[in-house]
Amino acid sequence: MRPSEPAPLNPRHVPVPPSVGERRALAISIAGVAAVLLALSILPGGLAAVAVRLSSDGHLSPSNLRVVRAASYAAAPAALFLVAVVVFYRAVSRWSSRALDRLAEVPTVTFLAAVLALAGGFRFVWVLAVPSLPVTDFLHYHELAVSLVETGCYCTVNGQPTAFWPPGYPALLALLYAVAGKTYWAPKLLNIAVGVLTVALTYFLARGFAGEACARLASLVLSIFPSHIAYTSLLCTEIPFTAMIMGLLLGMKAAADRSWNRPEAVGLAFGALTAGAMMMRPQIALFPVWTWWLLGRRRGWIWSTRLHLALAIVPAAAILFWGLRNVRAVGGFVPFSTNAGLNFYYGNNPWTNGTGFEFWGQVPDQTAHIASEVERNREGFRLGFAFIRDYPGKGVLLAGRKIVMMLLSDGTWTRLALLETERPLPKVVWPAAVAVSNTVYWPVLFLFALEMLVFRWRQDARASSDRFLDAFVIYTLLITAAWLGQERYHFPLIPPMCIGMGVLLGRIGALAAPTRQDAAELP
């Protein structure tokens, strides 16, 4: 190629082909991760043993043990997958390069139509095949929504006003029930639509983050991701919350990349998304502090401050309205819910393994005698902070346990979707569903972790990222370390994991391209 000729376009937008040293680092890193997985899968129930050792009292509940044991059997296919990547990495790199090229060659409209139809089709078939009935928190959401429709009161089934659960999702269900009637089909159909929307948002976010082919790969994997399909039959906050977060991350990245002259208008739109997500899952409440810092570094501190002051208007109004209602209804200003302190106590005490499930019949709850939910909330915070103050070393170890327990399995809530149904299902379906969920989840998780921990820190990766995905992942891990390590908290991390997996496979595909040294020797 003559120097005057422009460089050919790279339709895959993959990173610069790696050097020989980067190839070696990639192979060694994948080999290390594969070796760990393979070691864990040598003995049946290996991960269960690890989980038991992580438990401060030496045991888990029988139901949790069954789930973790089922998860352990998925280690073998996950390990074999990564071992195959190491042993046959040259062939895998060529296959990955060709596969990414094929994905990039499909017209955008055709691909999006196909992947969204695939996502909607799988979710609709699941809802038809698995008519789940709401239990535990899902049932409470339904009952609160029915109370709102029938009486206008945010009350339990016995007519008692409450603030134990955040109001966002029951209010959304109430709106659906007011329009479509009190049927489980309305929220499940909404879950299908919102799940498809999340796939589309993942595609557009990944395209700006990693390029066209990696975006298509990430959205394709998310469209068939087992747990995201299984959640569709549950009346849960996770699906709408994840869509709102992905929309917020996409909007923040667009705000960082584009020259918008009216940050206040953009901030109001972002504020509506933040308020909706916050009133469903209050853990996200402090995330705008991080986005303010990220946008301030990119667009300037005054511009970012103007945007975030406008962003704060809607959430602040929602908190004020809900808090004043709680003063009148439950006897105290509660910004989100009165289960926050209880969950904090469940996640920070001498008996927990990080999930808080021990209090479901195994360990006496020291707040159970308090009748007022406001006072119980305050006592939960007091007990949790007292444990951290008195046992700081145990608190730090417990924080690590919570993250491990959150990331350990992806099948618990898939099993729950199969547990209570309108018609009984064979019991063999439960462990099979957990194993399928983890067989897909673990390779995605470890490829994402490998990309984020080994390659994301490099300068070329930093130049292509505005760090919003990184910020959300780290923020979620920090909140988990402070509160609870239940598996459902990693649900919103699945789209970022799919994007990270796409980036890494793009790097592996780049191994099939000439190295920098080879390219320098070309005429």
Side-chain angles (χ1 to χ4, degrees), residues 54-58 60-61 136-137 140 144 154-156 160-168 237 278-287 289 315-316 318-406 475-486 488-489:
L54 288 172
S55 175
S56 59
D57 61 353
L60 294 174
S61 68
T136 62
D137 283 357
H140 293 303
L144 289 167
Y154 192 77
C155 299
T156 61
Q160 181 69 30
T162 184
F164 191 78
W165 294 273
T237 62
M278 187 183 298
M279 285 300 169
M280 289 187 184
R281 301 187 66 81
Q283 295 93 329
I284 201 65
L286 296 177
F287 186 60
V289 176
I319 291 172
L320 181 62
F321 174 81
W322 178 243
L324 292 177
R325 175 266 179 191
N326 292 331
V327 170
R328 183 179 70 256
V330 298
F333 186 90
V334 179
F336 300 111
S337 65
T338 55
N339 69 7
L342 195 62
N343 286 333
F344 186 71
Y345 163 54
Y346 284 1
N348 296 278
N349 61 78
W351 307 281
T352 187
N353 67 351
T355 64
F357 288 127
E358 293 82 4
F359 285 92
W360 290 18
Q362 298 180 53
V363 176
D365 180 357
Q366 297 184 36
T367 68
H369 65 282
I370 303 176
S372 168
E373 61 183 64
V374 174
E375 293 302 321
R376 192 181 182 194
N377 180 55
R378 292 171 181 166
E379 181 66 6
F381 275 119
R382 189 192 70 79
L383 290 171
F385 281 117
F387 168 77
I388 295 173
R389 180 196 64 217
D390 296 338
Y391 305 99
K394 289 184 178 180
V396 171
L397 292 176
L398 185 59
R401 289 189 198 128
K402 294 173 190 175
I403 294 175
V404 170
M405 298 305 288
M406 179 188 73
Y475 177 85
T476 302
L477 295 179
L478 292 175
I479 292 295
T480 298
W483 251 264
L484 286 174
Q486 294 178 10
R488 60 195 176 110
Y489 296 140

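Note that the coordinates shown come from a computational prediction; the quantities given were computed from them, not determined experimentally.
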For this session: Taking salt bridge (Lys or Arg N to Asp or Glu O under 4.0 Å) as the test, write out the residues that go with Asp137, two or more places apart.
Result: none
Exercise. Once you round to the nearest 0.5 Å, how far does CZ of Arg281 lie from OG of Ser337?
Worked result: 10.5 Å
Problem set entry | side chain to side chain contact (heavy atoms under 4.5 Å, CB included) against Glu373, all qualifying residues, sequence neighbours excluded | Thr162, Ala163, Phe164, Val330, Thr338
For this session: Supply the atom-to-atom distance Ile284 CD1 to Tyr475 OH, rounded to the nearest 0.5 angstrom.
Result: 5.0 Å
For this session: Could you tell me the separation between the CG atom of Asn343 and the CD atom of Gln283, rounded to the nearest 0.5 Å?
Result: 8.0 Å
Exercise. Does CZ belonging to Phe321 count more than 12 external heavy atoms closer than 6.0 Å?
Worked result: no
For this session: List in chain and number order the residues that pass side-chain hydrogen bond (donor to acceptor under 3.5 Å, both in side chains) with Asn326, two or more places apart in sequence or in another chain; answer none if no residue qualifies.
Result: none
Seminar exercise, completed: What one should report as the nearest heavy-atom pair of Lys402 and Trp483 is NZ-O, 3.2 Å
Problem set entry | Beyond-backbone contact of Ile479 with Tyr489, side-chain heavy atoms, under 4.5 angstrom | no
Exercise. Closest heavy-atom contact between Leu324 and Phe333?
Worked result: N-CE1, 3.8 Å
Problem set entry | Set of side chain to side chain contact (heavy atoms under 4.5 Å, CB included) partners for Ala481, sequence neighbours left out | Ala399, Ile403
Exercise. Which heavy-atom pair separates Met406 from Gln486 by the least distance, and what is that distance?
Worked result: CG-O, 3.5 Å
Exercise. Does Gly341 offer a backbone N or O that forms a donor-acceptor pair with the side chain of Asn377 under 3.5 Å?
Worked result: yes
Problem set entry | Asn349 (side chain) donor-acceptor with Thr352 (main chain) under 3.5 angstrom | yes
Seminar exercise, completed: With sequence neighbours left out, the residues meeting ring pair (Phe, Tyr, Trp, His ring centres under 6.0 Å) with Phe381 are Phe344
For this session: Could you tell me which residues satisfy side-chain hydrogen bond (donor to acceptor under 3.5 Å, both in side chains) with Gln160, sequence neighbours excluded, listed by chain and number?
Result: none
Exercise. Side chains of Tyr346 and Leu342: closer than 4.5 Å at any heavy-atom pair?
Worked result: yes
Exercise. Which residues satisfy the side-chain hydrogen bond (donor to acceptor under 3.5 Å, both in side chains) test with Thr367, sequence neighbours excluded?
Worked result: Asp365, Arg376
Exercise. Roughly how far, to the nearest 0.5 Å, is OG1 of Thr480 from CE of Met405?
Worked result: 12.5 Å
For this session: Name all pairs fulfilling the side chain to side chain donor-acceptor pair (under 3.5 Å) condition that reach into residues 381-391, sequence neighbours left out, sorted by first residue then second.
Result: Glu379-Arg382
Exercise. Which residues satisfy the side-chain hydrogen bond (donor to acceptor under 3.5 Å, both in side chains) test with Arg325, sequence neighbours excluded?
Worked result: none
Exercise. For the residue pair Ile319 and Phe336, what are the closest heavy atoms and their distance?
Worked result: CD1-CZ, 3.7 Å
Exercise. For Tyr154, which residues count as a ring pair (Phe, Tyr, Trp, His ring centres under 6.0 Å) partner, sequence neighbours excluded?
Worked result: Trp322
